[in-house]
Amino acid sequence: MAKYANIIIDISHEKLDKTFQYRIPPEIKDEITEGMQVIVPFGNRTIKGYVIELTDKAEFDTAKLKDIKAVDNNAMQIESQFIALAAWMRKNYGGTMNQALKTVIPIKEKAKEKKSRLVRLVLPFNEAASLLEELKRKHRTARARLLEALLEETVLSYDVITKKLHITADVIKAMMQQGVITVEEVRTYRNPVRTQEKGAYTLTLNAMQQKVVDAVIENARTEKKPCLIHGVTGSGKTEVYMELIAEAAGRGKQSIVLIPEIALTYQTVMRFYHRFGDRVSIMNSKLSPGERSDQFERAKKGEIDVMIGPRSALFTPFSNLGYIIIDEEHEGTYKSETIPRYHARETAIERARMSGATVILGSATPSIESFYHAKKGDYLLLSMDKRVKEKPLPQCEIVDLREELKARNFSILSRSLHKKIEQRLLRKEQVMLFINRRGMAGFVSCRACGHVMKCPHCDVSLHAHNNGKLICHYCGYEQNHVKICPNCGSKYISGFKAGTQKIEELVKKEFPKARILRMDFDTTRSKDSYEKILSAFANQEADILIGTQMIVKGHDFPNVTLVGVLAADLSLYVSDYHAAERTFQLLTQAAGRAGRGEKPGEVIIQTYNPEHYSVICAKNQDYNQFYEEEIFYRQAMRYPPVWHMLVVLCASKEEAEAYACAKELADTMEKVQADKKLQMIGPADAAVAKVNDIYKKVLYFKHPDYGVLIQIKDKVEQLMEEKQGVKNISVQFDFDPVNGF
DNA sequence: AGCACGCCGACT
DNA sequence: GTCGGCGTGCTC
């Protein structure tokens, strides 16, 4: 049992956000856990603190260590629950406790907000003036400075006084006791969305929806397993969520709804407002830190029942949590890209476990990982396979681009797609052209047969480098660039290069009269441009919308009757084991955009890979078939979720040092870890091998047991700490990578 | 954050 | 001398 406890004294203050170590008296050692509130002596006073870590290693002069006084058993409060959650995150995703705490408790902002208290001069002007004279005479410089400033401006913010006038809190306190000034705290909550009248809510669920609701409620009463709702687009998942939230609210419980930032449209928000009125709060990236902490504060006080927002909304301090709903759970944005690289799904499940809540995952195309858990029985699988309005699925055609080349059509649009666009333009209907931009990073493929250059060891595509070599980012394998296709001998082998801009030009050339809108990272850079472009298109100010993934989400365009996917297979060749999954999800979503109105829709998928299961299954809208094929591949290649994967990133200004560090870790692990099942790959360059002159090397570990990988992470952390000498190297971890380093 | 400690000008 | 305010640094 651990001898010492690292304790944080006050979470809300930057200057004290380090840990202090205390001895654990033997009589309470069985009670102490991470996150627990304890009473400790601190200086000459006694205060409460939170246990952050239990350890056997003394990090401080043992002679000076004090004993923990007592355990504070005043129920488990949200703070201590969050500390325990942060501890869990640190353990599972690496990094320091402080990094974990900062993601979980954004309380710093709140403290800042508190500091923006106002100091007001309450003494009449002439009295204050004579007091000022007296103070000056007595050389009480600090007080004089403060009073002088207040005579200029009767109300000043606390911040300005302490930081700019260099006046300490004691002085302000003393002046307050003298009755010269008052300190007021401004506490105005700003609701980011205008308050809406709660409408009369009359919607009744259909039988399928009601069945799902009943099953979730029953499960929440008993097993509290995470639930995965596999519901096709248009099956009415949002109504199910709202019904569950209302049910939880009826029992005095609050809910969190996580959505990918991009899907947080006005439409969605309004639906929640209509049903729950101002018991709903929204969080998004445009909120200022102050507004954000206001929202959290409201949640803490029990003024709201529902919080809707992106990943970070998971840390809303509700004290009596009912449901955590994760919509579009397959989305990559749920994985954090900064330390700790946590996954919102896993973290939500842990938070739910701690607080007795239930996690609900929803998607039309569930992540392979979630579906795998559902099939294993870890999650409760519920499916909604019918659309509410029974609209037929759009007609879907796959066009083999290799045939186009054979027919000497070198255009980016196949003959079939060209003809169909022409038709829509005549009929005054709208077209969406979707270009798959993931994987534009330079894989090499044959335009005659569709063959893609792949790594013989990793089954991911090779990356073309400027030095004329093809490189694998998983294992570092490299070979010379090829001039002729090793599969069919054609000389049409090259990197596929076509950005949205280029495509816009080409389409314009082919359809000079069509009005074209383009949506990509360039055109959506400014603030509201995203909504603007979409609403322009919705108002039929254009005939064709060309864009990347961002056009396939959210918004319904009833007049769109044709969706063209220009190169469906581009995303198949990203050097990432999620390639097929992403492709399937994108194609399914893109196809779902067609025929949302009265008129039936049509979808054309252009690809060099018409036989690939992700393409075929998307055409048939057959998720189950896709899952079976994909899980077989994951199993065979020992990728997650069947096995687990740990990426260790070594970064340094010196390339040689980064490599040496990775190599050293690899060699040590080889010796230390006797487990035969453990697979180690690398070191290799990271996908982006150099950023801001910092070189990045990666090392991969694979093992069926997550716990073994955590042990490796711990070992690496330990090794790095031991030789924390002159070396300027940083090491990061990523488990079951989603977005890569 | 809060508190002690040490420094320094002012006043009996 | 000593009283009291101000700045600094420490708290396991």
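Every chain is numbered from 1, with letters handed out A, B, ... down the list of sequences.
Rounded to whole angstrom, the span from the CD1 atom of A/Ile47 across to the P atom of B/dA1 amounts to 13 Å. In this structure, A/Lys3 atom NZ and C/dC12 atom C1' are separated by 16 Å, rounded to whole Å. As a whole-Å value, the separation of A/Glu59 CD from C/dT11 P is 16 Å. As rounded to whole Å, 10 Å separates atom C1' of C/dC12 from atom CG of A/Asp61. Taking atom CE of A/Met175 as the reference point, atom P of C/dG5 lies 13 Å away to the nearest angstrom. When the C1' atom of C/dT11 is taken as reference, atom CG of A/Leu65 falls 13 Å away, rounded to whole Å. The nearest whole Å value for the distance from the CD1 atom in A/Ile52 to the C1' atom in C/dC12 is 13 Å. Put simply, NZ on A/Lys69 is 18 Å from P on C/dT11, counting in whole angstrom units.
When each of B/dA4, B/dA10, C/dC6 is scored by its nearest atom to the side-chain atoms of A/His139, the top-ranked nucleotide is B/dA10. Taking every side-chain heavy atom of A/Lys66 into account, C/dC12 is the closest of B/dC3, C/dC12, C/dG7. Distance from the side chain of A/Phe42 is smallest for B/dA1 among the nucleotides B/dA4, C/dC6, B/dA1. Listed nucleotides: C/dC12, B/dA4, C/dG4. Nearest to the side chain of A/Arg140: C/dG4.
The shortest distance between side-chain heavy atoms of A/Leu101 and A/Ile8 falls below 4.5 Å.
Note: A/Tyr22 and A/Tyr4 fail the aromatic proximity criterion, with ring centroids not under 6.0 Å apart. Under the 6.0 Å cut-off for aromatic ring centres, A/Phe318 and A/Phe82 do not qualify, their centroids lying 6.0 Å or more apart.
A sub-4.0 Å separation between OP1 or OP2 of B/dA4 and a side-chain N or O of A/Asn44 is present. An OP1 or OP2 oxygen of C/dG7 is reached within less than 4.0 angstrom by a side-chain nitrogen or oxygen of A/Arg145.
Heavy atoms of A/Arg143 sit under 4.0 angstrom from primed sugar atoms or phosphate atoms, though from no base atom. Nucleic acid contact for A/Arg137: none, since no nucleic acid atom lies under 4.0 Å from a heavy atom of the residue. Residue contacts for A/Val171: at a heavy-atom cut-off of 4.0 Å it reaches the sugar-phosphate backbone alone, with no base atom in range. Across all strands, A/Tyr22 comes closer than 4.0 Å only to sugar-phosphate atoms, never to a base (heavy-atom distances).
Between the side chains of A/Arg90 and A/Gln99, no donor-acceptor pair is found at a separation under 3.5 Å.
Relative orientation of the A/Phe735 and A/Tyr93 rings is perpendicular, given thresholds of 30° and 60° on the angle between their planes.
No aromatic stack links A/Phe20 and the base of C/dC12, using centre distance under 5.5 Å and interplanar angle under 30°.
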